[in-house]
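Order of listing sets the numbers, starting from 1, for every ligand and every atom in it.
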Amino acid sequence: MILTLTMNPSLDISYPLKHLVINNVNRIDDAKKTAGGKGLNVARVIQMAQKPVIATGLLGGHIGQYIQDELAKDSIAHQFLSINQESRHCIAILHDSAQTEILESGPTINQQDQQAFKQHFANLIAQADVVTMSGSLPKGIAANYYAQLIDIANKQHKKVLLDCSGQALKEALQHHEKPYLIKPNHEELGLLVNKTIDATNVEQISDILLHAPELQAIPLIIVSLGQYGALARYQQQIWRVSIPRINVINPVGSGDATLAGLAIALSEQSTLPTLLKRAMVFGMLNALEAKTGAINLAHYDALFKQIEVNLY
Ligand code: ADP
């Protein structure tokens, strides 16, 4: 079983509008409301791939209940810790060929809930093979909280796949217990090492993967590069993953789908080249769908065959 962690889930609302009129009323006929947050995208993709998954994290109030109902509708097993505050809304207004987002920061998590969640996590992870941790941490939680959860997971010999950025990622990498895998995109990697990274500059990225001190103790690093595929470092070897051109419909959530593919491949002990191919196929399958964090397995085999994995 794969456990997916979402510490700050949201009820995502999308408002399609031809034009957004500022300082006036805008009426919407077809608002869409879905369970959101990077970790929930990961869980949805794993469920769509018909692999066992449990989604966990923190949920509260009426919005938390709505999110749980949405997960139940999608047959996604979930065991969240209930908190005494409302979970958040995130609003995306799709207008004038643009997307304007209004993101609530969400609840501030008190010490008691932080402690309770650690216990909840320790109990759940006993049943898991691997665990994914995705997205930002809610207010009130220190940036080293993922590092604390990695301690718990590593004690139980469970592999952690960490997909976050900024200070939470830095703290997790500085900690004595490490995640097994991280999956930054090129911008997130750049933020981590304070460099501007060009997604097509394989030499620059491979140099960072082999020499950046903060990365050396992480067994497996996948730098996802959107349409350019990925570059991976396992132990001291760099692998170049080349993908075919596809007709992208909506690439939002492709990184989450990639993480889902990685989690499945690790839980099924795929070889490294197969793991990299599966991860890329999942990212591409998401980019081929209109819905964020969704895949259609019908295209899996055709894409898998077109991916090349080579030692760099
Ligand atoms: P993130 O969403 O975290 O920024 P990426 O944009 O790197 O991650 O996407 C993850 C993976 O999804 C890529 O490695 C690739 O396999 C696939 N993907 C994303 N965007 C595209 C695209 N425009 N064309 C083809 N594949 C894509």
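When each of N201, T200, T196 is checked for a side chain to side chain donor-acceptor pair (under 3.5 Å) with D198, only T200 meets the rule.
No side-chain donor-acceptor contact under 3.5 Å links D163 and S134.
Residues H120 and T56 form a side-chain contact, since some pair of their non-hydrogen atoms from C-beta on lies under 4.5 Å apart. Looking only at side-chain heavy atoms (C-beta outward), L59 and S82 stay at 4.5 Å or farther from each other.
Note on ring orientation: taking the six-membered ring where Trp is involved, the planes of Y300 and F304 are parallel (angle under 30°, cut-offs 30° and 60°).
The shortest heavy-atom contact between L303 and L285 is CD1-CD2, 3.7 Å.
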List, pair by pair, the atoms of ligand 1 and of the protein that are both N or O and lie under 3.5 Å apart, giving the separation rounded to 0.1 Å.
residue: ligand 1; atom: 2 (O); partner: G255; partner atom: N; Å: 3.0
residue: ligand 1; atom: 3 (O); partner: K183; partner atom: NZ; Å: 3.3
residue: ligand 1; atom: 4 (O); partner: N185; partner atom: ND2; Å: 2.9
residue: ligand 1; atom: 7 (O); partner: S224; partner atom: O; Å: 3.4
residue: ligand 1; atom: 7 (O); partner: S224; partner atom: OG; Å: 2.8
residue: ligand 1; atom: 7 (O); partner: L225; partner atom: N; Å: 3.4
residue: ligand 1; atom: 7 (O); partner: G226; partner atom: N; Å: 2.8
residue: ligand 1; atom: 8 (O); partner: S224; partner atom: OG; Å: 3.3
residue: ligand 1; atom: 14 (O); partner: G229; partner atom: O; Å: 3.0
residue: ligand 1; atom: 16 (O); partner: M280; partner atom: O; Å: 3.4

